[in-house]
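Only one structure is covered here, and it is reproduced in the block below.
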Amino acid sequence: MSEYFLPTLKEDPREAEIPSHKLMIRSGMIRKLASGVYEFLPLGWRTVRKIEEIIREELDAAGAQEIVMSAMQPRSLWEESGRWDLYGPELMRLKDRGGREFCLGPTHEEVVTKIVSENVRSYKQLPVTLYQFQMKFRDEIRPRFGVMRAREFYMKDSYSFDADLEGCRSSYDLHFKAYKRIFERCGLEFAVVEADTGNIGGEFSHEFMVLASTGEEEVAVCSCGYGASSSMAGFKGPEGEPGFPEEEEKPLQEVHTPGVTTVQEVSGFLSEKPRKFIKTLIFDSDKGPVAALVRGDHELCQDKLLSASGAKWLNLAEPETVKAVTGGPPGFSGPCGAKIPVFADEEVLAVQNAVSGAGKKDYHLININFPRDYTVSWKGRLRKLQQGDLCLKCGGELKIMRGIEVGHTFLLGTKYSSAMGARFVDKDGREKDMIMGCYGIGVTRVAAATIEQNHDSDGIIWPAAIAPFEISLIQLSGDTEDICRSLYEKLSEKYEVLWDDRDESPGVKFKDAQLLGLPVQIIVGKSYMKDGKLEVVCRRSGKKEYLSPEGIEEKISI
RNA sequence: CGGGAAGUGGCGCAGUUUGGCUAGCGCACCUGCUUUGGGAGCAGGGGGUCGCGGGUUCAAAUCCCGCCUUCCCGACCA
């Protein structure tokens, strides 16, 4: 260790906020070069390679084959798939000296599809699954939390090509199972959830989420095993809602509500519960303005509106647009007499004698009833999941948890193969599009997620499988160098040992050992000088035993 | 991109409000001596364009203008 490049820090770096980020910097795993761009130092890279090796073993066992593709990709390739324009500013673009345009790959569907389409002609050559480890580049809108959301990050991506959907499902399944084993072997507590396919596209997908309070995404999980990302989760509202009995329909009435716009304000002004409100949101989209209705105590899920409307993009409308479409300024929009398509969350329609904006400044309508007073062009699920909602499969209460997305599997279908002409000749002699799947694991993110789940106030507590080393050999007082050297040599035959032979005070060595969090610490000091015993400490439990050095390599378990 | 905060030796910070002596503290680093079980002690020492550029002033880390970088929140709730 006196020769190992391992700069540890006593104090938390100012830039770091969450435990994994602080600890990765303090323990000398990583350093920052620019926002969202990190270097991996020897200790950090060892852990990355451990994770990489676990992934490699499981994917090889599942029949996938490792390759390495270029990080730099020509614009023309991305134009074939249509993503040069679609991917947006997240795509890192550059030009060579001749002015030819390239991007730094954020993912490799285009490249791998080209490779396979150029080299596979017959169903006899299918299925094939290729994977690689590589630095990926995404110009994130806001990099944060160290390597958790970085602009340059190490990723494993694989791609499967099959002759038919059934084959693709089994390729998908092989990956799905391999992923479960990978994350189990890494020692992670995780949930698998049904997820949105986002701009990768495809038929369906699953996210592998490491559960942690610092997670960036919300997921819904049920004790019955069902799990989904919060934007995808199927759910129903809680049963029986006390305080809202069936009511007589009352006549529609306009009330003066000067200057009050938000549900909360109007609710206070009229002494009505938010539950009685119809929140009306006006959006601009590529298909023109649309209105979305959710109950006052609910929140709109924009992803759901996006898929319901079939639009490519949606933005909350500017005040001028709101005025033009509803007749009133923002804050006074309502569903009655709407002239644009209205998308309603199904729970809105059940609200009796509801309150909403009147479509003119400083007025709201009360006693709105469906379908008497307004119509909708679409009804379904638009609102966000919230605490208390019930599982569609078993009726149990869904738990909303935060998670870190470490893996994502997609059944792509023919999206890329048809766009890029990846075809083969099938048994029947006809040319068909290959059916694809793609599968990613954020390797560097796995390292960070592991620390989020495994740390205490002293430092990291590595699961043995991905710890950078397995044993901290801590050499203390004076005359222990020789015994340490022989221990180091003996233990190294079986374990990965980090020998702290630095000329530092005991306190420094203990603190650093706790910080680095290797599973087992072997301390050679007082007890050895006194009665020849080594002190063996488990980092996770803190349990100590005193063992003699003879046959020590057989006596410890990691 | 909108809002907030911040940039001062390697790291963490004070100083800026109210301009003024040689820019300071802790840690780290170097030398020597002592020390050696929970981030050692003493003595000596090295290291700073105070983010960058411009301006105001007799005088700028400090005031003004512009820019850059970093972090946090948001980027959908009418």
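Sequence lines set the chain letters: A, B, ... in the order given, protein chains first and strands last, and positions in each chain run from 1. The figures here come from the full heavy-atom set of this structure, side chains too, leaving out hydrogens, waters and symmetry mates.
Remark: the E11(A) side chain and the G39(B) base include no donor-acceptor N/O pair separated by less than 3.5 Å.
Across all strands shown, the partner of C63(B) is G55(B), judged by Watson-Crick or G-U wobble contacts whose two distances both fall under 3.5 Å. Base pairing of C11(B) is made with G26(B), judged by Watson-Crick or G-U wobble geometry with both donor-acceptor distances under 3.5 Å. Nucleotide C50(B) forms no Watson-Crick or G-U wobble pair with any nucleotide shown, as no partner meets the under 3.5 Å limit on both distances.
Counting non-hydrogen atoms under 4.0 angstrom, R383(A) reaches nothing in the nucleic acid. Among the protein residues, D12(A) comes within range of the sugar-phosphate backbone only, with heavy atoms under 4.0 Å from sugar or phosphate atoms but none that close to a base. Residue K530(A) is classed as having no contact, given no heavy-atom separation below 4.0 Å to the nucleic acid. Base engagement by V322(A) is indicated by at least one non-hydrogen atom pair under 4.0 Å involving a base atom. At the heavy-atom level, T326(A) lies nowhere under 4.0 Å from the strands shown. Contacts of S35(A) with the nucleic acid, taken as non-hydrogen atoms under 4.0 Å apart, involve only primed sugar atoms and P, OP1 or OP2. Counting any heavy atom pair closer than 4.0 Å across all strands shown, K509(A) reaches no nucleic acid atom. When heavy atoms are screened at a 4.0 angstrom cut-off, F145(A) is found touching the sugar-phosphate backbone but no base atom. Within the nucleic acid shown, L305(A) has no heavy atom closer than 4.0 Å to any nucleic acid atom.
Taking 4.0 angstrom as the limit, S505(A) places none of its side-chain polar atoms (N or O) nearer than this to OP1 or OP2 of U35(B). OP1 or OP2 of C13(B) lies within a sub-4.0 Å distance of a side-chain N or O belonging to R14(A). Contact annotation: R142(A) reaches the phosphate of C73(B) (side-chain N/O to OP1 or OP2, under 4.0 Å).
Taking R149(A) as the reference, E140(A), E216(A) meet the salt bridge (charged side-chain N to carboxylate O under 4.0 Å, His left out) condition, with sequence neighbours excluded.
Between D500(A) atom CG and I474(A) atom CD1 the span is 6.5 Å, to the nearest 0.5 Å.
Seen from the ring of F153(A), R445(A) does not count as a face-on cation partner, given the 6.0 Å and 45° thresholds.
Rounded to the nearest Å, the gap between the C1' atom of G53(B) and that of A61(B) is 16 Å. C77(B) and C68(B) are spaced 28 Å apart, taking the P atom of each and rounding to whole Å.
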ring-ring contact (aromatic ring centres under 6.0 Å, His included) evaluation trace for F343(A) with F283(A): CA-CA 11 Å; F343(A) 294 80; F283(A) 284 87; over 10 Å; no

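K22(A) NZ: more than 12 foreign heavy atoms inside a 6.0 Å radius.
Residue K32(A) places its side chain closer to C71(B) than to any other of C71(B), G39(B), A78(B).
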